[in-house]
Amino acid sequence: QKEVEQNSGPLSVPEGAIASLNCTYSDRGSQSFFWYRQYSGKSPELIMFIYSNGDKEDGRFTAQLNKASQYVSLLIRDSQPSDSATYLCAVKLSGSNYKLTFGKGTLLTVNP
Amino acid sequence: GAVVSQHPSWVICKSGTSVKIECRSLDFQATTMFWYRQFPKQSLMLMATSNEGSKATYEQGVEKDKFLINHASLTLSTLTVTSAHPEDSSFYICSAPGVASGELFFGEGSRLTVL
């Protein structure tokens, strides 16, 4: 079964620090990778997507993709308490049209 | 980004009744929509793919006669939980794919509690 794995956490960082969230996937043919943020009791919202190996930066967020290692990460710089949420890694598996497979999510807590 | 609206946001019903949840794409057309279910502290589990004008495609283990999906227009998909039981209590979330990059846009979610 094709899987997406994340450390469930909780990951706790002080305000202003860099939070590093990691995700591995089993389907080597996967092409598209997404990071969603989900606040408690709310639905997920898209933070970033990445298709190519390397880094992609958007404001305080940087997504990193290494297809050879089947690894994707999200870095959050200058973490704020408002960043406290569950972060979901999602992968579009090879052969699927729009269907995404989600990891279980990592709970991030940013302490003031 | 694209806007997906879901209604109702929460519903409480008695065991044995049916509940309908609506999912609308507000500023774009969606020939495909996805329905997810999320239990507390669990990830999103795909239940079914809703296809405009044709039958929905259900994931393994999801009862199609219990979770009825109708996608009658390019902007509306509905999920009906028939004869709901307490174990159906969950957070149901719909989503639709963006055209440009394939990301999913999610509705606000509907929290169902079956007494």
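Note on naming: letters A, B, ... go to the chains in the order of the sequence lines (proteins, then strands), and numbering restarts at 1 for each one. What you are looking at is a predicted structure, and each value in this text was computed from that prediction instead of being measured.
- For chain B, the nearby part of A:Q38 is the side chain; its heavy atoms alone come within less than 4.5 Å.
- Separation of atoms CG (B:L46) and NZ (A:K99) is listed at 5.5 Å; rounding is to 0.5 Å.
- With hydrophobic clusters built from ILVMFWY side chains whose heavy atoms lie under 4.5 angstrom apart, A:I76 shares a cluster with A:F33.
- Hydrophobic clustering (ILVMFWY, side-chain heavy atoms < 4.5 Å, transitive): A:L74 and A:V13 are in one cluster.
- Separation of atoms NZ (B:K41) and OG (A:S40) is listed at 7.5 Å; rounding is to 0.5 Å.
- Smallest separation of non-hydrogen atoms from B:G109 and A:S43: N-CB, 4.3 Å.
- Under the 4.5 Å side-chain heavy-atom criterion for grouping Ile, Leu, Val, Met, Phe, Trp and Tyr, B:L76 is not connected to B:V4 through any hydrophobic cluster.
- Between atom CG of residue B:L104 and atom CZ of residue A:F34 there is a gap of 7.0 Å, rounded to the nearest 0.5 Å.
- Of all heavy-atom pairs spanning A:F102 and B:S43, the tightest one is CB-OG, 3.5 Å.
- Residue contact with chain B, scored on non-hydrogen atoms closer than 4.5 Å, involves the backbone and the side chain of A:K104 alike.
- Two residues are said to be in side-chain contact when any heavy atoms from C-beta on lie closer than 4.5 Å; B:I93 and A:P44 meet this criterion.
- Contact of B:Q6 with chain A is not made at all, since no heavy-atom distance falls under 4.5 Å.
- Put simply, CD on B:Q38 and CG on A:L88 are 7.0 Å apart, with the number rounded to the nearest 0.5 Å.
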